[in-house]
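Everything below concerns the one structure shown next.
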Amino acid sequence: MNDKLIEAKQRWAREGRLLTGTTADPHDRLPPGQTLVRDWPIMDLGAEPNVTAQKFRLDVDGAVDNRLKLSLDEFQALPQSDSVSDIHCVTQWSRYDNHWRGVAARALLEIVQPKPEARHVVFHSFDGYTANVRIEQFDQPDVLLVHAWEGKPLSRAHGGPVRLLIPRLYFWKSAKWLRRIQFTISDHPGFWEQRGYHNNGDPWLEERYD
Ligand SMILES: Nc1nc2c(c(=O)[nH]1)N[C@H]1C(S)=C(S)[C@@H](COP(=O)(O)O)O[C@H]1N2
Ligand SMILES: [Mo]
């Protein structure tokens, strides 16, 4: 674990680093306080798990009617979607026009059928990372379980074989090396949400910190 980085990011949250104190029109493409980059930075806790096809498993469980335990082949056999969207990281960079391929969250929801009392979703990763969203933030047409970027398999550094993509929230919500999707009745704050980062994380409302 990169303890220095984790400490620095917790300090930024306490100090309100980078906050502009403004909100943007939701139709603005670049959220407040963000800077455009061309290359795609790599941000994680310092350990990039080597999730081979053999080691890969994706469990979907909790408050659902149909639980899933998928191998990589079974995951790849689900209906596939392509999308283009922008990335907005809380450390200030944004990257436009990423081409993604993967399984739409809505396709997964069709299969697992969350129970009416399921209000939240917790994402668990192979490196021990977690992130949480409300079910309506997951249930959006642009949310994808991604395995390809720009026509190539998603690299290990960017969370391959499979990561989450929630383009309308800060990128820390988009868990890399996805291992488990858990539907819950109550909220369970994730790794950064327990360390001073905002529970909701909308870049246009500049919901960086708690
Ligand atoms: N499993 C896991 N997912 C993670 C992280 C992590 O450390 N572990 N970091 C998050 C953060 S803070 C960001 S900004 C993005 C970075 O994704 P990237 O490295 O592909 O740019 O992944 C998010 N998902
Ligand atoms: Mo981040």
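First listed ligand is number 1; within each ligand, the first listed atom is number 1.
- Note: D82 CG to R101 CZ = 4.5 Å, rounded to the nearest 0.5 Å.
- For atom 19 (O) of ligand 1, the nearest protein heavy atom (residue, atom name, distance) is K176 NZ, 2.6 Å.
- At distances below 3.5 Å, at least one donor-acceptor pair connects side-chain atoms of Y197 with backbone N or O atoms of K9.
- Shown in contact with S125 at under 4.0 Å from a heavy atom are these atoms of ligand 1, numbered in order with element: 1 (N).
- You'll find the side chain of W100 stays beyond 4.5 Å of the side chain of V84, heavy atoms only.
- Looking at K173, H158, R179, it is H158 that brings a heavy atom closest to atom 18 (P) of ligand 1.
- Looking at S174 next to ligand 1, an N or O pair under 3.5 Å apart turns up.
- The CZ atom of R180 sits 12.0 Å away from the OG atom of S125 when rounded to the nearest 0.5 Å.
- Rounded to the nearest 0.5 angstrom, L72 CG and T52 OG1 are separated by 9.5 Å.
- Scanning all protein heavy atoms for the shortest distance to atom 16 (C) of ligand 1 gives M43 O, 3.4 Å.
- For ligand 1, none of its N or O atoms has an N or O atom of C89 under 3.5 Å away.
- Contact atoms of ligand 1 toward W93: 21 (O) (distance under 4.0 Å to a heavy atom of the residue).
- Residue contacts with ligand 1: W177 is placed with no nitrogen or oxygen under 3.5 Å of a nitrogen or oxygen of the ligand (distance criterion only).
- For Q34 (side chain) and W93 (main-chain N/O), a donor-acceptor pair under 3.5 Å exists by modelled atom type.
- The protein atom (non-hydrogen) at minimum distance from atom 22 (O) of ligand 1 is R163 NH2, 3.4 Å.
- Looking at D127 next to ligand 1, an N or O pair under 3.5 Å apart turns up.
- For the pair W12/Y209, a side-chain contact is recorded, criterion being any heavy-atom separation below 4.5 Å from C-beta on.
- Every N/O-N/O distance between A175 and ligand 1 stays at or above 3.5 Å.
- Geometrically, ligand 1 and I42 share no nitrogen or oxygen pair separated by less than 3.5 Å.
- Evaluated by nearest non-hydrogen atom to atom 13 (C) of ligand 1, the leading choice among F171, F123, W149 is F171.
- Against a heavy-atom cut-off of under 4.0 Å, K9 is close to the following atoms of ligand 1: 12 (S).
- Counting all heavy atoms, side chain and backbone alike, Q140 lies closest to Q137 at CG-O, 3.5 Å.
- Each of the following atoms of ligand 1 lies closer than 4.0 Å to a heavy atom of P41: 18 (P), 19 (O), 21 (O).
- Under a 4.0 Å criterion applied to the non-hydrogen atoms of L45, ligand 1 contributes the atoms 7 (O).
- Judged purely by atom type and a 3.5 angstrom limit, T130 has no side-chain atom pairing as donor or acceptor with the backbone of F123.
- Considering only non-hydrogen protein atoms, atom 11 (C) of ligand 1 sits nearest to W172 CA, 3.6 Å.
- Taking each heavy atom of L178 and L58 in turn, the nearest pair found is CG-CD1, 3.9 Å.
- Near W40, meaning under 4.0 Å from any of its heavy atoms, are these atoms of ligand 1: 18 (P), 20 (O), 21 (O).
- Contact detail for S94 and H88: the closest heavy-atom pair is OG-ND1, 2.8 Å.
- The W192 neighbourhood of ligand 1 comprises atoms 12 (S), with distances under 4.0 Å to a heavy atom of that residue.
- From N132, atom CG reaches atom CH2 of W192 across 14.0 Å, with rounding to the nearest 0.5 Å.
- Of all protein heavy atoms, the one closest to atom 6 (C) of ligand 1 is Y129 CD1, 3.5 Å.
- Contact detail for D97 and E150: the closest heavy-atom pair is O-OE2, 3.6 Å.
- Residue D44 has no nitrogen or oxygen atom sitting less than 3.5 Å from a nitrogen or oxygen atom of ligand 1, judged on distance alone.
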